Amino acid sequence: EPEVTQTPSHQVTQMGQEVILRCVPISNHLYFYWYRQILGQKVEFLVSFYNNEISEKSEIFDDQFSVERPDGSNFTLKIRSTKLEDSAMYFCASTLDRYSYEQYFGPGTRLTVT
Amino acid sequence: QKEVEQNSGPLSVPEGAIASLNCTYSDRVSQSFFWYRQYSGKSPELIMSIYSNGDKEDGRFTAQLNKASQYVSLLIRDSQPSDSATYLCAVNWGFGNEKLTFGTGTRLTIIP
């Protein structure tokens with residue numbers, strides 16, 4: 001069964017450093033998302049991406065964040081200058097199209113900022 | 001601000017019994033509703049989706065939706081220890097707004 005994959009599973013970085021989190025969505029899916037979950041808190045939407053552009057973003061997704069689909073399979077989230085409060089699980093999700101709504105999540109990347 | 005509310009639990013249910021999980025949401029025109037299961041340290045796993053009023057059954061799981069009351073529930077029949085997890089309710093508000101808004105989740109423990 002097709003799955004969303006994410007790398008790395010765990011990333012440790014120092015405050016102020018740039019990180020890139022990678023995702024490979026399910027191959028025939030067209031909509032891609034990033035969510036994050038701070039330990040003990042709810043899953044929060046960051047950004048949605050369709051047709052090579054941002055479809056919607058939350059207020060969390062400020063200028064420090066960017067997304068890109070550099071090729072036909074990868075979908076990346078870049079945090080330009082990490083802060084301690086960026087420490088969280090970051091989940092990539094994808095859905096077939098805007099009308100299917102069922103989003104399938106990858107295993108996540110645990111980001112630890114020290 | 002559109003909100004999804006769940007009782008955080010923990011909810012303890014004996015093995016073999018029915019577990020009942022509840023969720024309310026703030027926007028009457030919401031379109032799509034989902035239940036995800038999340039084991040500790042893992043990602044959300046989609047277990048049920050429901051779009052229309054009424055019941056939807058899939059194996060041991062039944063989702064119930066009442067849009068007038070802005071209420072969605074999940075019943076797990078014949079609960080198993082492997083059902084012990086946090087259950088997340090998620091809502092898609094519709095009208096081109098594709099993001100999911102999640103509740104805080106209900107932690108369910110099945111007691112052998």
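Please read all numbers here as calculations on a predicted model, not as lab measurements. First the proteins, then the strands, lettered A, B, ... as listed; each starts at 1.
- Put simply, CD on A:Gln103 and CG on B:Leu100 are 3.5 Å apart, with the number rounded to the nearest 0.5 Å.
- Taken from NZ in B:Lys99 to OG in A:Ser55, the straight-line distance is 11.0 Å, to the nearest 0.5 Å.
- The number of heavy-atom neighbours closer than 6.0 Å to CD of A:Glu3, taken from other residues, nucleotides and ligands shown, is 12 or below.
- Neither the backbone nor the side chain of A:Gln41 comes within contact range of chain B, judged by heavy atoms closer than 4.5 Å.
- Looking at B:Ser32, only its side chain comes within 4.5 Å of chain A, counting heavy atoms on both sides.
- A side-chain donor-acceptor contact under 3.5 Å links B:Ser43 to the backbone of A:Gly106.
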Could you check B:Glu98 against A:Ser48 for side-chain contact (heavy atoms from CB on, under 4.5 Å), going step by step and ending with a plain yes or no? CA-CA 8 Å; B:Glu98 302 94 8; A:Ser48 60; 4.0 Å; yes

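- For B:Glu45, no part lies under 4.5 angstrom from a heavy atom of chain A.
- Remark: A:Asp63 CG is loosely packed, at most 12 non-hydrogen atoms of other residues, nucleotides or ligands lying under 6.0 Å away.
- At least one side-chain heavy atom of A:Phe91 sits less than 4.5 Å from a side-chain heavy atom of B:Pro44.
- Taking the six-membered ring where the residue is Trp, the centroids of B:Tyr36 and A:Phe105 are separated by under 6.0 Å.
- Contact of the A:Phe45 side chain with the B:Phe102 side chain is not registered, since no non-hydrogen atoms from C-beta on lie closer than 4.5 Å.
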